[in-house]
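Just so it is clear: chains get the letters A, B, ... in the order the sequence lines come, proteins before strands, and each one is counted from 1.
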2 protein chains.
Amino acid sequence: MERQSRTAANRDFSLLRSWLQSSKKVIPLRKHSFLFQEGMPANELYLILSGKVQVSKICPDGKEMCFRICGSGEIVGELTLFTDDPRYLLTAKVIEPGEAAVMNKNELEEQLLINPTLTLEYMRWISKHARRTQTKFRDLIMNGKKGALYSTLIRLCNSYGVPLEDGSIFIDLTLKNQDLANFCGTTRESVNRMLNALKQDGIISMKRGKITVHDLNYLKTEIQCEDCPPDICCIE
Amino acid sequence: MERQSRTAANRDFSLLRSWLQSSKKVIPLRKHSFLFQEGMPANELYLILSGKVQVSKICPDGKEMCFRICGSGEIVGELTLFTDDPRYLLTAKVIEPGEAAVMNKNELEEQLLINPTLTLEYMRWISKHARRTQTKFRDLIMNGKKGALYSTLIRLCNSYGVPLEDGSIFIDLTLKNQDLANFCGTTRESVNRMLNALKQDGIISMKRGKITVHDLNYLKTEIQCEDCPPDICCIE
DNA sequence: CAATCATTGTGAGTAGTGTCACAGCGTTTG
DNA sequence: CAAACGCTGTGACACTACTCACAATGATTG
């Protein structure tokens, strides 16, 4: 039930995931600890078994740009594979404690090269990633901060949304205004004002920090959404 | 001589490129024609042999978000490989006539799966792409439009820059203000004002539509550049 | 349960950016 | 060579978004 659409999307990469899962090494994810930080040499990648990890870019001036929030079944650190300079470009912070399976980067690279089925899955996966990122670009840059927020809400619906009987979508993820701001590249205050305006108009409502979107179409038309498939239009 | 740094970066993917080059089918690139447009079914990808192609996302309201400008030796259309919904998400417009080798998508997918060396090269290439895009995100979103422009100029230097004796970098590419605006997600007028301010301060100069950057460090410090390697910090 | 802390909510002022309108200038074209 | 065209340059103005300051609310803890 939880995170329906995302679960469906994940099914595609079962082989890759199950291979990762076979790893002997499992580590605990302690809240507020870092799985890795940008600049660190990247020798491993991780399959989240439980808990939640936030992947973001942290700027020298303290600002944070959030890319993904990964839950159970998701792979983190993948973009370090097959690179000359094996350093993490992003930071992965634990925001909900749990466990992760650890995979050696070199081992996985070897596996990927000798196992064609695995190769195919990996390529599919990384292509999808790239396509997601590209569509996100337009949304975050071309329609101002309002466009960025609306697009983020739509993506959150596709990634973590639970459809309700009345057609609304419940986003099953606790997000502070600041977190949303980090996703959009804007400020907490701006997010707050925009969210309140949306509440006022009945587009969304909030309960205990979680958002329900009542009128997804409003958000979509406002940003001239071209209805890209939900597995592309989501939080990476 | 031309496009030094980029040429060096390209050497890495010689196998992939030479395989593409072996294609029997070569098509002419006519100015202002489209190699492909977003939404079109994607069955082919292209190796530019000569001329220049601009890859961008075109919004319904006419705005354009430019991602890459590809010259001789570059591959276009790659992100359609290994996807369920094989449609182009972007548009490739010819801005300088020339020729391109055409490759069937399915054939290349097959090749990639049976030829491990080719696979490795492809994975390296697509990883690099993804890393580039990620670093670009921060620059375009986090430091306002000025940050977006400065970052674009830095990337142009890394992609098309020719170092001069006095340490300046000559960007060997004719770009209208509007083109730069499309790269940054801003307006022609804003770009114009910012460029003129940079000229005034001696940071850059222009001659016949081409920019020379005299003080790259100024641009870098202004956007808190973390000196990512030039093969990452460039126009895709 | 009072105190503390984290988060949300809001106003006022300011800097940044987009829009519109139009002048200037060089190139192309009939 | 005059007219048309495409691009650059610039001012005025409106609107967007950020900053700062602080009140209000809610959650946590000793």
Side-chain angles (χ1 to χ4, degrees), chain A residues 31-32 54 59 61-66 93 95-96 138-153 171 173-201 204-212 222-224, chain B residues 31-32 54 59 61-66 93 95-96 138-153 173-201 204-211 222-224:
Chain A
K31 194 160 183 175
H32 300 306
Q54 187 188 59
C59 302
D61 62 358
K63 283 187 213 159
E64 210 174 318
M65 167 102 241
C66 187
K93 186 167 64 182
I95 56 171
E96 203 177 279
R138 189 204 73 138
D139 294 344
L140 290 193
I141 295 169
M142 302 294 279
N143 288 310
K145 299 306 182 182
K146 192 174 277 190
L149 177 63
Y150 291 3
S151 153
T152 301
L153 289 174
I171 299 174
L173 196 62
T174 308
L175 288 169
K176 286 172 290 187
N177 287 346
Q178 185 64 65
D179 297 325
L180 278 170
N182 293 345
F183 265 112
C184 306
T186 180
T187 59
R188 178 188 69 78
E189 293 92 329
S190 292
V191 166
N192 186 274
R193 282 183 245 265
M194 289 188 278
L195 284 181
N196 286 335
L198 288 175
K199 278 184 220 166
Q200 214 110 59
D201 296 348
I204 67 167
S205 64
M206 295 187 66
K207 215 172 183 177
R208 259 171 292 115
K210 293 185 178 179
I211 299 174
T212 302
E222 280 293 300
I223 62 165
Q224 306 174 289
Chain B
K31 194 159 184 176
H32 300 307
Q54 187 187 61
C59 301
D61 61 358
K63 284 188 214 160
E64 208 173 319
M65 165 103 242
C66 187
K93 187 167 63 181
I95 55 171
E96 203 176 279
R138 188 203 74 137
D139 295 344
L140 289 193
I141 295 169
M142 301 293 280
N143 288 311
K145 298 307 181 181
K146 191 174 279 191
L149 177 63
Y150 291 5
S151 154
T152 302
L153 289 174
L173 196 61
T174 308
L175 288 168
K176 286 171 290 188
N177 288 346
Q178 185 64 63
D179 296 325
L180 278 169
N182 292 346
F183 265 112
C184 306
T186 182
T187 57
R188 179 188 69 78
E189 292 92 331
S190 291
V191 166
N192 187 275
R193 282 184 245 263
M194 289 188 278
L195 284 182
N196 285 336
L198 288 175
K199 276 184 222 167
Q200 213 112 59
D201 296 347
I204 65 167
S205 63
M206 295 187 66
K207 214 173 185 178
R208 260 172 292 114
K210 294 185 176 181
I211 300 174
E222 279 293 300
I223 63 165
Q224 307 175 289

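The interatomic distance linking Lys210(A) (NZ) with dT7(C) (C1') rounds to 17 Å, in whole Å. Between the P atom of dT10(C) and the CD atom of Gln200(A) lies a distance of 8 Å, rounded to the nearest Å. Look at CG on Asn177(B): it is 14 Å from P on dG18(C), rounded to the nearest Å. We find that CE of Met194(A) is positioned 15 Å from C1' of dT10(C), with the value rounded to whole Å. Rounded to an integer number of Å, the gap from CD of Gln178(A) to C1' of dA6(C) is 12 Å. Atom NZ in Lys146(A) sits about 16 Å away from atom P in dG18(C), given to the nearest Å. Counting to the nearest Å, the C1' atom of dT8(C) and the CD atom of Glu189(A) are 10 Å from each other. Summarising the geometry, the separation between CD1 on Ile223(B) and P on dG16(C) is reported as 17 Å, rounded to the nearest angstrom.
Nearest approach of Lys199(A) to Ser205(A), heavy atoms of both residues: CG-CA, 4.5 Å. The shortest heavy-atom contact between Lys31(A) and Ile95(A) is CE-O, 3.4 Å. In terms of heavy atoms, Lys145(B) sits closest to Met194(B) at O-CE, 3.9 Å.
Side-chain N/O atoms of Ser190(B) include one lying less than 4.0 angstrom from OP1 or OP2 on dG18(C). For the OP1/OP2 pair of dA17(D) and a distance below 4.0 Å, the side-chain nitrogens and oxygens of Thr187(A) include no atom meeting the criterion. For the pair Asn196(B) and dT8(D), the criterion of a side-chain N or O lying under 4.0 Å from OP1 or OP2 is not met. Checking the phosphate oxygens (OP1, OP2) of dG16(C), no side-chain nitrogen or oxygen of Lys145(A) falls inside 4.0 Å. Within the structure, a side-chain polar atom (N or O) of Thr186(A) is placed less than 4.0 Å from OP1 or OP2 of dC18(D). Phosphate contact (OP1/OP2 of dC7(D), side-chain N/O of Lys176(B), threshold under 4.0 Å): present.
At a cut-off of 3.5 angstrom, the base of dG11(D) holds at least one donor-acceptor pair with the side chain of Arg193(B). The base of dG9(D) is paired with the side chain of Arg188(B) by a donor and an acceptor separated by under 3.5 Å.
Looking only at atom types and distance, the side chain of Asn143(A) has no donor-acceptor partner in the side chain of Asp139(A) under 3.5 Å away. Remark: the Gln178(A) side chain and the Asn182(A) side chain contain an N/O donor-acceptor pair separated by less than 3.5 Å.
Using a 4.0 Å heavy-atom criterion, one finds that Lys63(A) contacts no nucleic acid atom at all. When heavy atoms are screened at a 4.0 angstrom cut-off, Asn192(A) is found touching base atoms of the nucleic acid.
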